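Working notes, beginning with the structure itself.
Please read these numbers as outputs of a predicted model, since none were measured by experiment. All chains are named by letter (A, B, ...) in the order of the sequence lines, taking the proteins before the strands, and each is independently numbered beginning at 1.
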Protein chains: 2
Amino acid sequence: MDEIDGPARQITFGALFREPYSHYLGWLYARLQERGFPDIRVAHSAVVRTIDAEKGSRVTTLAERAGMTKQSMAYLVDSLIDLDYLEIVPDPKDKRAKLARLTRRGRKLMATAAALGAEYEALLAGRIGADKMAELRRLLTRVATALPDWKPGE
Amino acid sequence: MDEIDGPARQITFGALFREPYSHYLGWLYARLQERGFPDIRVAHSAVVRTIDAEKGSRVTTLAERAGMTKQSMAYLVDSLIDLDYLEIVPDPKDKRAKLARLTRRGRKLMATAAALGAEYEALLAGRIGADKMAELRRLLTRVATALPDWKPGE
DNA sequence: GCAGTATGGTCAGAATATCTGTCTAAAAAA
DNA sequence: TTTTTTAGACAGATATTCTGACCATACTGC
């Protein structure tokens with residue numbers, strides 16, 4: 001009963017992605033802290049990765065892109081305003097709307113985060129081999145285009 | 001200014017992992033809901049994936065494995081007890097301690113989650129090719145063993 | 001141009017998920 | 001046996017997300 005796990009049981013599918021991703025997150029936020037962004041939390045990334053870096057974006061747009069309610073996004077945007085990563089400007093095209101726009105510090109954060117992503121990738125490439133890393137990137141990019149659609153009913 | 005993005009700009013390193021993982025999570029919890037586990041939330045997985053399926057585990061052990069405080073883990077364990085996935089038994093080896101153990105329903109959940117992971121993997125294999133999926137698994141498994149150690153300093 | 005509807009945003013309140021700090025009792029070490 | 005460590009509980013705080021109700025502006029179809 002219960003197969004002898006001679007050749008070490010396969011890692012589960014979820015863990016295959018969760019482990020590197022959560023390891024990366026831990027590393028990234030530790031580096032951000034060291035590099036002058038100690039007040040940035042993981043949740044903030046929903047904003048930073050969806051905002052239009054030049055013109056800024058509406059909260060509603062950010063919420064859609066990040067897949068959350070506008071109230072939740074507004075909470076994150078507010079907190080980034082308090083921390084001086086974002087500022088609000090009226091949207092000239094719609095008197096109801098406002099644009100959340102990166103401040104100088106916000107742009108610096110974005111650039112740093114991008115650089116750190118590349119740095120981590122290089123670090124990993126150094127450990128598994130650049131060829132394997134390139135192949136992994138190819139496969140994951142392919143996966144991104146192949147993710148099965150699903151609605152609550154299949 | 002700003003390179004023309006002819007051959008579509010590279011996906012960021014974080015997104016490479018985040019996208020498939022979060023897609024998988026959405027799919028998984030939708031399936032769990034359909035299959036009789038509508039009350040299971042993502043946070044609960046910290047328990048389900050770290051508990052000893054036969055003998056049960058102490059809260060302290062679960063907390064360590066999941067990388068969170070014992071108070072946080074106790075909160076999750078309590079909620080799984082309320083939902084009839086776990087039960088508490090005294091630890092015979094230590095009068096201070098208790099073991100959280102899977103109930104019948106808890107075991108069913110665990111089995112279902114495992115099956116769904118395999119199902120999703122097969123689904124994805126069907127879309128990118130079984131050979132590519134196998135290669136992806138190989139690479140990700142390799143990555144898991146190669147994740148760079150890091151402490152707040154370095 | 002107006003009635004009706006849709007959209008951008010806010011306010012209020014709740015549930016969930018995590019943390020820190022403090023404390024008790026039991027176990028382990030000195 | 002005294003001291004220290006460990007397992008867990010209790011209290012309270014903070015963060016992250018949701019739903020529901022609302023207001024003001026914009027858009028659509030007469």
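In this structure, the OH atom of A:Tyr75 is 16 Å from the P atom of C:dC11, given to the nearest Å. Rounded to whole Å, atom C1' of D:dG20 lies 9 Å from atom CD of A:Gln71. Rounded to whole Å, the distance from CE on B:Met68 to P on D:dA7 is 17 Å. In this structure, the CG atom of A:Asp94 is 15 Å from the C1' atom of C:dT10, given to the nearest Å. Atom CD1 in A:Ile40 sits roughly 13 Å away from atom P in D:dA15 (whole-Å rounding). Nucleotide D:dA15 holds its P atom 17 Å from the CE atom of A:Met73, rounded to whole Å. Here the C1' atom of nucleotide C:dA17 and the CG atom of B:Leu83 are 15 Å apart, to the nearest Å. Nucleotide C:dA15 holds its P atom 17 Å from the CG atom of B:Asp78, rounded to whole Å.
Residues B:Tyr120 and A:Leu16 share a single hydrophobic cluster, defined by chaining ILVMFWY side chains whose heavy atoms lie under 4.5 Å apart.
Within the 4.0 Å cut-off from OP1 or OP2 of C:dA17, at least one side-chain nitrogen or oxygen of B:Arg41 is found. The side chain of A:Thr69 contributes an N or O atom lying less than 4.0 Å from OP1 or OP2 of D:dC18. Applying the 4.0 Å criterion to OP1 and OP2 of C:dC19, one finds that B:Ser72 has a side-chain N or O inside that range. A close approach under 4.0 Å does not occur between any side-chain nitrogen or oxygen of A:Thr60 and OP1 or OP2 of C:dT7.
A salt bridge does not link A:Lys70 to A:Glu64: none of the charged nitrogens lies less than 4.0 Å from a carboxylate oxygen. With respect to the salt-bridge test (charged N to carboxylate O, under 4.0 angstrom), the residues A:Asp52 and A:Arg58 do not qualify. Residues A:Arg101 and A:Glu54 are not paired through a salt bridge, judged by the lack of any N-O separation under 4.0 Å between the basic side chain and the carboxylate.
In terms of position on DNA chain D, the residue among A:Val42 and A:Arg96 whose nearest nucleotide sits closer to the 5' end is A:Val42. Toward the 5′ end of DNA chain C lies the nearest nucleotide of A:Lys98, the other residue of the pair A:Lys98 and B:Gly67 mapping further downstream.
Considering only heavy atoms from C-beta on, A:Arg35 comes within 4.5 Å of A:Leu116 through its side chain.
Across all strands shown, A:Lys95 has heavy atoms under 4.0 Å from sugar-phosphate atoms exclusively, and none from any base.
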